[in-house]
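Remarks on the structure that follows.
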Amino acid sequence: MIEPAFILVRPQMGENIGAAARAMLNFGLTRMRIVAPRDGWPNPKAVAMASGAGRLLDQAGLFPDVAAAIGDCDYVFATTARPRELVKPIVTPERAMEMARAMAAEGKKVGVLFGPERAGLENDDVALANAIVTVPVNPDFPSLNLGQCALLMGYEWRRQTVEVPPQVMELARTEFAARVEVEKLADHFEERLEAAGFFFPETKAANMRLNLRNMWARLGLTRAEVQTFHGMLRQIAFRLRQQDDQGK
């Protein structure tokens, strides 16, 4: 079974990275990835805080951005306490790790995004995830420390049993497209839309692209569906070129 990767996005303090590593190892999780840490890497403060979990830091993957960190993942959860305007499934930590264990049992790779300490994940980060994980905390004080959040998710992962609801197993058997395959499809789609003049006016183009990326991540496409979309786009472009040539 492939355990989920805990992906720390732009963490600010080495101590919190070390605390997250300790929390992960408490519950048997060892796959840590770090995206653009503020104070560089390796970080001696992270090593000191990790104590006996230092080997997680030694083996941690370092990535320049979220897209690269989740490139091989079949399904991605984004942890956030703030309400979002993005349309995505919202699940509890328990449900998220129940789904993760079912998918992992089928050989799928799952990633969990954790945001930086001060403001959490940005919308551009969340848009790349399939679902949002929100903890039912005190609405007047919803913020969780990075180490606490990792501990909570690790606990839910550990306590899951092998019993999984039928609908989750059905989802797990689906041959999901890897995140990098979905990103390439999004690039292809945007390329065709750009050529067609879709991103207009310019002032709204960035938000239009963000909404499209969010849509692709939310759909949970299979590899076959991704290839079908690529084929559709290529055929449309081919036919348009033919029409242009005939009109000359």
Side-chain angles (χ1 to χ4, degrees), residues 1-9 19-20 23-33 66 69-70 72-115 120-123 125-179 182 213-222 225:
M1 180 182 295
I2 305 173
E3 66 189 53
F6 277 24
I7 304 164
L8 313 187
V9 179
M24 289 176 63
L25 195 56
N26 281 151
F27 298 105
L29 293 165
T30 58
R31 298 178 65 224
M32 173 181 279
R33 298 179 180 182
V66 173
I70 65 174
D72 65 338
C73 294
D74 298 296
Y75 201 92
V76 178
F77 295 98
T79 62
T80 177
R82 294 187 287 117
R84 304 284 180 164
E85 297 178 356
L86 302 174
V87 180
K88 286 189 184 295
I90 300 176
V91 296
T92 63
E94 179 182 17
R95 178 59 174 161
M97 292 298 94
E98 182 180 44
M99 294 170 63
R101 185 170 281 277
M103 287 185 276
E106 294 291 323
K108 304 297 186 294
K109 294 181 179 179
V110 176
V112 184
L113 299 176
F114 300 87
L121 294 168
E122 297 179 0
N123 278 356
D125 305 319
V126 179
L128 299 176
N130 298 91
I132 290 173
V133 181
T134 296
V135 182
V137 294
N138 177 4
D140 296 326
F141 191 63
S143 179
L144 287 176
N145 176 275
L146 178 57
Q148 291 174 320
C149 195
L151 184 75
L152 179 60
M153 297 298 289
Y155 166 73
E156 292 294 349
W157 165 261
R158 185 72 174 182
R159 79 183 190 88
Q160 294 301 322
T161 67
V162 294
E163 297 296 329
V164 181
Q167 76 247 32
V168 180
M169 289 303 292
E170 183 178 352
L171 173 66
R173 285 196 297 270
T174 303
E175 188 65 23
F176 284 119
R179 301 307 308 163
V182 176
R213 294 282 170 161
N214 180 56
M215 179 192 73
W216 291 121
R218 191 177 71 248
L219 290 178
L221 297 171
T222 66
E225 289 168 340

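- Taken to the nearest 0.5 Å, the CG atom of Asn214 stands 9.5 Å off from the CG atom of Leu219.
- Judged by distance alone, with hydrogens and angles left aside, the side-chain atoms of Lys88 form a donor-acceptor pair with the main-chain N or O of Ala129 at under 3.5 Å.
- A salt bridge links Glu94 and Arg159; the closest N-O separation between the charged side-chain nitrogens and carboxylate oxygens is under 4.0 Å.
- With hydrogens and angles disregarded, no donor-acceptor distance shorter than 3.5 Å links the side chain of Arg158 to the backbone of Asn26.
- At least one side-chain heavy atom of Lys108 sits under 4.5 Å from a side-chain heavy atom of Glu175.
- One N or O on the side chain of Thr79 and one on the backbone of Leu113 form a donor-acceptor pair closer than 3.5 Å.
- Using cut-offs of 30° and 60° on the angle between ring planes, the pair Tyr155 and Phe27 is perpendicular.
- Distance check: Met99 CE to Met97 CE gives 9.0 Å after rounding to the nearest 0.5 Å.
- For the atom pair CD1 (Ile7) and CE (Met32), the distance works out to 11.0 Å, reported to the nearest 0.5 Å.
- A donor-acceptor pair under 3.5 Å links the side-chain atoms of Glu3 to the main chain of Thr30, judged by distance alone.
- The distance from the CD1 atom of Ile2 to the NZ atom of Lys109 is 5.5 Å, given to the nearest 0.5 Å.
- Here the CG atom belonging to Asn145 is positioned 12.0 Å from the CG atom belonging to Leu152, to the nearest 0.5 angstrom.
- Nearest heavy-atom pair across Ala23 and Gly147 is CB-O, 3.9 Å.
- A donor-acceptor pair is defined here as one N or O able to donate and one able to accept, closer than 3.5 Å; no such pair exists between the side chain of Asn130 and the backbone of Arg218.
- Of all non-hydrogen atoms in Trp157 and Arg101, the two that sit nearest each other are O-NH2, 3.0 Å.
- Heavy-atom minimum distance, Gly115 versus Leu146: O-CD1, 4.2 Å.
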Audit row: Val91, Phe77, side chain to side chain contact (heavy atoms under 4.5 Å, CB included) steps and yes/no: CA-CA 9 Å; Val91 296; Phe77 295 98; 4.2 Å; yes
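- The distance from the CD1 atom of Ile70 to the CG atom of Leu128 is 5.0 Å, given to the nearest 0.5 Å.
- Taking each heavy atom of Ala96 and Met153 in turn, the nearest pair found is CB-CE, 4.3 Å.
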